[in-house]
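Taking it in order: structure first as structure tokens, then the write-up.
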Amino acid sequence: MGISGEDVMSSDAQKGMPDRLEGLAEDLARAFKDLDCLVERSNGEVTLVVPAERLTDVATRLRDDEPFFFQELIDVCGVDYSVYGQSEWQTDSAPDTGFGRGVQPVGQLESKQSNRFAVVYHLLSISNNIRLRLRVFVDTEQPIIASVISIWQSADWFEREAFDLYGILFDGHPDLRRILTDYGFIGHPFRKDFPLTGQVEMRYDPHQARVVYEPVSIDPRTLVPRVTRDDNRYLSEDNAAQDASDA
Amino acid sequence: MPEIRNYTINFGPQHPAAHGVLRLVLEMDGEVIERADPHIGLLHRATEKLAESKPYNQSIPYMDRLDYVSMMCSEHGYVRAIEKLLGIEAPIRAQYIRTLFDEITRILNHLMWLGAHALDIGAMTVFLYAFREREDLMDCYEAVSGARLHAAYYRPGGVYRDLPDRMTQYQASQWVTGRDVEIRNQARQGSLLDFIEDFCNRFPALVDEYETLLTDNRIWKQRTVGIGVVSPERAMQLGFTGPMLRGSGIAWDLRKKQSYAAYDKMDFDIPVGKNGDCYDRYLVRMEELRQSNRIIKQCIDWLRNNPGPVMLDDHKITVPTRNGMKDDMESLIHHFKLFTEGYCPPVGEAYAAVEAPKGEFGCYIISDGANKPYRLKIRAPGFPHLAAMNEMVKGHMLADVVAVIGTMDVVFGEIDR
């Protein structure tokens with residue numbers, strides 16, 4: 001058996017994490033300022049927003065260059081931002097019959113926005129013990145982005161998954177097949193305009209002695225509607241002070 | 001001369017060594033694997049999409065059903081992501097209880113892995129031994145949550161309730177009567193902590209027992225040494241985490257490196273392998289069993305001496321007490337709002353990871369300020385591990401595929417999600 005790591009690992013490893021995140025954010029801003037990248041910080045995490053055409057370049061440098069060394073690609077996921085921030089109970093008029101529980105299914109999307117889809121990469125640097133998130137927006141009409149499989153091999157299945165679920169194409173991926181859905185599945189199920197109940201259901205037909213697909217017979221229903229509350233707890237300091245003086 | 005062609009065989013999805021519903025399409029040259037193409041998704045339930053349609057708390061039970069042999073660790077990852085979004089932290093006693101149950105879960109998982117792995121490679125006995133101990137630990141699950149597997153015990157802001165003062169006991173039945181019941185209940189006379197402590201005292205000898213059967217066993221070594229070797233560089237390239245990464249000689253463990261819950265107050269070591277083969281990963285996991293036992297003991301000592309709340313007292317997020325609801329209007333309203341609507345975290349995103357028994361289990365949540373997650377991405381450790389299947393088995397014999405599946409510790413609940 002090898003070393004048992006008292007000397008290589010210590011609980012102190014994470015001390016000073018905020019400083020190191022600050023340092024990382026500064027390094028990122030310095031290294032990629034000429035590439036139209038944007039550094040965001042929230043919840044003790046650093047996010048780098050990368051333009052799609054720069055992804056390969058930025059990713060290679062993040063893996064190989066001082067001081068980043070992000071050796072591991074932990075996760076890749078697709079995101080569909082088309083109904084971001086929309087709550088199901090929003091209305092401008094109050095009908096005199098009151099509001100029903102039932103909520104109109106998210107039907108026709110007005111996804112005129114040019115960046116409906118995004119691909120989010122989570123990177124981990126083993127040597128520096130730090131994480132980074134990359135967010136890349138891709139075009140709505142032609143969601144295509146360069147594959148990072150040549151930089152991190154682990155992108156293989158993660159990109160297949162994002163393709164399967166969101167229909168985002170990864171240019172340069174050698175084997176971009178569906179991975180999680182059924183053989184012969186139609187559509188990209190995690191898009192926000194794909195109903196939760198799905199499009200087809202399957203049963204065994206004794207007469208034809210085979211499995212048949214039919215349109216779903218169940219109605220979509222919402223048990224708890226999606227609502228957004230402006231909660232007092234999250235008021236900023238100034239607002240709280242304002243409220244206090246009003247009271 | 002006849003043309004020599006590779007032979008393609010289907011391995012699974014109905015195969016006892018496929019660990020559930022793995023379908024492997026193997027291209028063989030004689031008995032040597034040329035290419036392995038795992039087909040997954042047969043257990044896909046769209047957990048992440050379902051979570052988008054539910055208030056945050058209602059998805060906790062789904063987490064149990066992801067990796068169904070390390071239930072509470074998955075819950076921990078999800079709950080921690082929510083807590084990060086909300087900017088809250090569980091009380092210290094809840095942190096210790098989480099640590100305790102994460103380690104119980106690790107033992108549960110590794111015992112399951114050990115039994116199944118050994119069974120796949122031809123050692124029947126270990127499986128039976130491992131399940132004997134799992135029984136006791138599942139009773140601990142039952143004692144705190146009421147469920148033996150799918151606990152839903154961790155909640156944002158703490159854990160559902162404090163540890164019980166009385167351990168559940170066996171009752172006489174048609175099959176077990178009289179003196180046998182007494183023997184079974186011997187360790188169950190005190191509290192849950194007493195029961196776990198008794199288990200901790202017994203457990204190191206039991207690990208020795210498993211090791212006697214396997215560690216120096218000639219057949220075991222022939223089947224595992226030098227099989228599925230992964231170099232440290234490749235392990236990082238392939239996105240390995242947990243024992244798969246440590247088996248390749250990289251000292252990386254989130255419990256030490258990016259400590260959470262009460263792990264920074266615990267004294268334990270991280271085993272690291274040298275050769276990156278199935279045997280080293282076996283040794284790493286066996287040592288982790290002992291280290292987990294060590295952590296559990298420390299948690300028991302602390303929990304005995306430090307009573308306190310196990311849930312935050314913020315009823316915008318956590319449920320008020322039953323008694324409170326009976327005589328306090330506000331508690332009743334909070335209760336109603338929590339269960340009909342849930343809570344709305346601020347706009348933002350968070351990724352939180354825990355060291356699950358199989359590797360890094362992470363949850364990435366995007367919140368748009370609503371009472372449901374806008375997007376939940378579950379980073380299951382088994383997913384990149386299984387993706388490396390082709391690389392790990394290429395050039396090995398067909399029988400070694402079984403050893404490699406075993407060493408990856410795959411569970412399809414989490415891989416297919």
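Only heavy atoms go into these numbers, but all of them, side chains included; no hydrogens, no water, no symmetry mates. Sequence lines set the chain letters: A, B, ... in the order given, protein chains first and strands last, and positions in each chain run from 1.
- Residue Leu43(B): no heavy atom, backbone or side chain, is found under 4.5 Å from chain A.
- Contact annotation for Gln237(B): both backbone and side-chain heavy atoms come within less than 4.5 Å of a heavy atom of chain A.
- With respect to chain A, the highest number of heavy-atom pairs below 4.5 Å among Gly239(B), Ser53(B), Ala388(B) belongs to Gly239(B).
- Looking at Gln291(B), there are no atoms closer than 4.5 Å to chain A (heavy atoms on both sides), in backbone or side chain.
- Of the two parts of Ile74(A), the backbone and the side chain both hold a non-hydrogen atom closer than 4.5 Å to a non-hydrogen atom of chain B.
- Below 30°, between 30° and 60°, or above 60°: for Tyr263(B) and Tyr260(B) the angle between ring planes is above 60°, a perpendicular geometry.
- Only the side chain of Leu254(B) comes within less than 4.5 Å of a heavy atom of chain A; its backbone N, CA, C and O stay farther away.
- Considering only residues two or more places apart in sequence or on other chains, Arg191(A) meets the salt bridge (charged side-chain N to carboxylate O under 4.0 Å, His left out) condition with none of them.
- Contact annotation for Pro232(B): neither backbone nor side-chain heavy atoms come within less than 4.5 Å of a heavy atom of chain A.
- For Val76(A), the part lying under 4.5 angstrom from a heavy atom of chain B is the backbone only.
- Proximity to chain A (any heavy atom under 4.5 Å) is restricted, for Asp37(B), to the side chain, taken from C-beta onward.
- With chain B as partner, the option from Asp156(A), Leu196(A), Leu73(A) having the largest number of non-hydrogen pairs under 4.5 angstrom is Leu196(A).
- Relative to the six-membered ring of Tyr374(B), Lys192(A) meets both conditions, a distance below 6.0 Å and an angle of at most 45° to the axis.
- Atom CD of residue Glu48(B) and atom CD1 of residue Ile365(B) lie 11.0 Å apart, to the nearest 0.5 angstrom.
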| field | salt bridge (charged side-chain N to carboxylate O under 4.0 Å, His left out) evaluation trace for Arg133(A) with Glu45(A) | value | CA-CA 8 Å; Arg133(A) 178 185 302 131; Glu45(A) 295 168 340; 2.7 Å; yes
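- A cation-pi arrangement is absent between Lys221(B) and Tyr282(B) under the rule of less than 6.0 angstrom and at most 45 degrees off the ring axis.
- A cation-pi arrangement is present between Arg417(B) and Phe383(B), with the terminal nitrogen or guanidinium carbon under 6.0 Å from the aromatic centre and inside a 45° cone about the axis.
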| request: Any chance you could lay out the side chain to side chain contact (heavy atoms under 4.5 Å, CB included) test for Ser154(A) and Glu72(A), step after step, and finish with the verdict? | output: CA-CA 8 Å; Ser154(A) 56; Glu72(A) 275 211 40; over 6 Å; no
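- Only the side chain of Tyr364(B) comes within contact range of chain A, with at least one heavy atom under 4.5 Å from a heavy atom of that chain.
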| message | The test is side chain to side chain contact (heavy atoms under 4.5 Å, CB included); show your working for Lys377(B) and Phe158(A) and say whether it passes. | response | CA-CA 11 Å; Lys377(B) 168 72 202 220; Phe158(A) 286 126; 4.2 Å; yes
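- Between chain A and the options Gly348(B), Gly41(B), Ala370(B), heavy-atom pairs under 4.5 Å are most frequent for Ala370(B).
- No option in Glu287(B), Glu288(B), Met286(B) other than Glu288(B) meets the side-chain contact (heavy atoms from CB on, under 4.5 Å) test with Val284(B).
- Neither the backbone nor the side chain of Arg178(A) comes within less than 4.5 Å of any heavy atom of chain B.
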| request: Please lay out, stage by stage, how Val272(B) and Trp252(B) fare under the test side chain to side chain contact (heavy atoms under 4.5 Å, CB included). | output: CA-CA 9 Å; Val272(B) 177; Trp252(B) 176 262; over 6 Å; no
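- Across Arg63(A), Arg160(A), Arg177(A), Glu40(A), the residue that shares the most heavy-atom pairs under 4.5 angstrom with chain B is Arg177(A).
- With a 4.5 Å cut-off on non-hydrogen atoms, Pro381(B) does not touch chain A at all.
- Interface remark: Leu386(B) contributes backbone and side-chain atoms alike to the contact with chain A (heavy atom separation under 4.5 Å).
- Contact annotation for Leu124(A): only side-chain heavy atoms (C-beta onward) come within less than 4.5 Å of a heavy atom of chain B.
- At a 4.5 Å heavy-atom cutoff, the contact between Tyr183(A) and chain B is made by side-chain atoms alone.
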